[in-house]
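For reference, the structure discussed in these notes is given below.
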Amino acid sequence: MGAGRYAPSPSGDLHFGNLRTAALAWLCARSTGRKFLLRVEDIDSERSTEESATRQLEDLQAIGLDWDEEPVRQSERQRKYKEVLAELEQRGLIYECYCSRKDIREATRAPHATPGIYPGTCRDLTEEQREERRAAVGERAASLRIRSDASSFTVHDLYAGKFTGVVDDFVIQRGNGDFAYNFVAVIDDGDAGVDQVVRGDDLLSSAPRQAWFTQLLGYPQPEYVHVPLVLGPEGKRLSKRDGAVTLREMGPVDETVRQLCVSMGYPGATSLAEVLRSFDAAELSRQPVTWPLA
Ligand code: GLU
Ligand code: ZN
């Protein structure tokens, strides 16, 4: 039996868009006979709180989701991440990067560079150059990047179809010691037996990096389902600045659940369990949903 999952970052309450993605992840897993798992992505040590994680789990339960195992917290998996990092270091696939965000922004302004994609500045430095750069960055410790042998990778997404995207030498561990999202997400999905990844389509561009890394680590490829985001009144991704958008702010839970059902094309349904009876991910509208619903 495979597994699906929802993997929220605990840095505040989930809003209507997050709840909809969570509901879709649950529906996709349950409607295909998979287990459903939750993962608390609390790797960002500066923004994550346990209080927020607890509230998120309460909210997911309140809208009618259930899960099959104790939620995994990334903060409790540091040992595993260190082991994988050591193995990659041994394979000669890890190097130090001394670039600041600004350095990368400037480097990618050059002709032929693509903004946001690491151009490999620190990939082939000599040990002497590294000593110099280490001394120069001082306080700001180097981050660690993976040496990728691919420049792109193709994934299959239920909605986007065949999607080819960039695989650069992405960050594995930040200068402050936090492990990076692409690194831990792949390891956690792989170890948990997740074979269906449902999440917002803002992360579609990360999928080729993750799929490439999944292959490198020897895990089977999951199926990807990147769902359209909920947009706020101005047509941009819904955010807490758009008003009363969290479950606790939106009033009675039943009404929010009803709106979730409407947003997924089930206007008469009053619970997610009811939606599940006839849910088919392939039939979900690909159009973004705008909040508040008309
Ligand atoms: N933690 C990410 C988020 O809250 C989701 C990561 C994932 O599903 O892979 O958007
Ligand atoms: Zn660099």
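In listed order, ligands and their atoms are each counted from 1. Residue numbers count from 1 along this sequence.
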Does ligand 1 have any atom that is closer than 4.0 Å to a heavy atom of Arg5? yes
Of the backbone atoms (N, CA, C, O) and the side-chain heavy atoms from C-beta on, which set of Tyr181 has a member under 4.0 Å from an atom of ligand 1: side chain, backbone, both, or neither? side chain
Please determine whether Thr121 has a backbone or side-chain N, O or S atom lying under 2.8 Å from the Zn ion (ligand 2). no
Beyond-backbone contact of Gln173 with Tyr81, side-chain heavy atoms, under 4.5 angstrom: no
Salt bridge check, Arg248 against Glu58: does any charged N sit closer than 4.0 Å to a carboxylate O? yes
Atom 5 (C) of ligand 1: nearest protein contact (heavy atom, Å): Ala7 O, 3.3 Å
Cation-pi geometry met for Arg123 and Tyr95 (6.0 Å, 45°): no
Report yes or no: do Val40 and Val194 belong to one cluster of Ile/Leu/Val/Met/Phe/Trp/Tyr joined by side chain heavy-atom distances under 4.5 Å? no
Using a 4.0 Å cutoff against the non-hydrogen atoms of Ser9, which atoms of ligand 1 qualify? 1 (N), 2 (C), 3 (C), 4 (O)
About how many Å separate CG of Asn182 and CD1 of Ile146, when rounded to the nearest 0.5 Å? 11.0 Å
Any heavy atom of Ala185 under 4.0 Å from ligand 1? The part involved is neither
Per salt bridge (charged side-chain N to carboxylate O under 4.0 Å, His left out), Glu96 is matched among Arg134, Arg130, Arg133 by Arg134
Report the C-alpha distance between Tyr219 and Asp189 in whole Å, list the side-chain angles of each, state the deciding distance to 0.1 Å, and finish with yes or no for side chain to side chain donor-acceptor pair (under 3.5 Å). CA-CA 9 Å; Tyr219 295 117; Asp189 283 339; over 6 Å; no
For the atoms SG of Cys97 and SG of Cys99, give the angle they form at the Zn ion (ligand 2), rounded to 10 degrees. 110°
Measure the acute angle between the ring planes of Trp212 and Phe170, then classify it against the limits of 30° and 60° as parallel, tilted or perpendicular. perpendicular
Could you check atom 6 (C) of ligand 1 against the protein and tell me its nearest heavy-atom contact, residue, atom and distance included? Glu41 OE1, 3.2 Å
For the atoms SG of Cys122 and OH of Tyr118, give the angle they form at the Zn ion (ligand 2), rounded to 10 degrees. 100°
Taking distance alone, with no angle check, do Arg39 and ligand 1 share an N/O pair under 3.5 Å? no
Decide whether an N or O pair under 3.5 Å exists between Leu203 and ligand 1. no
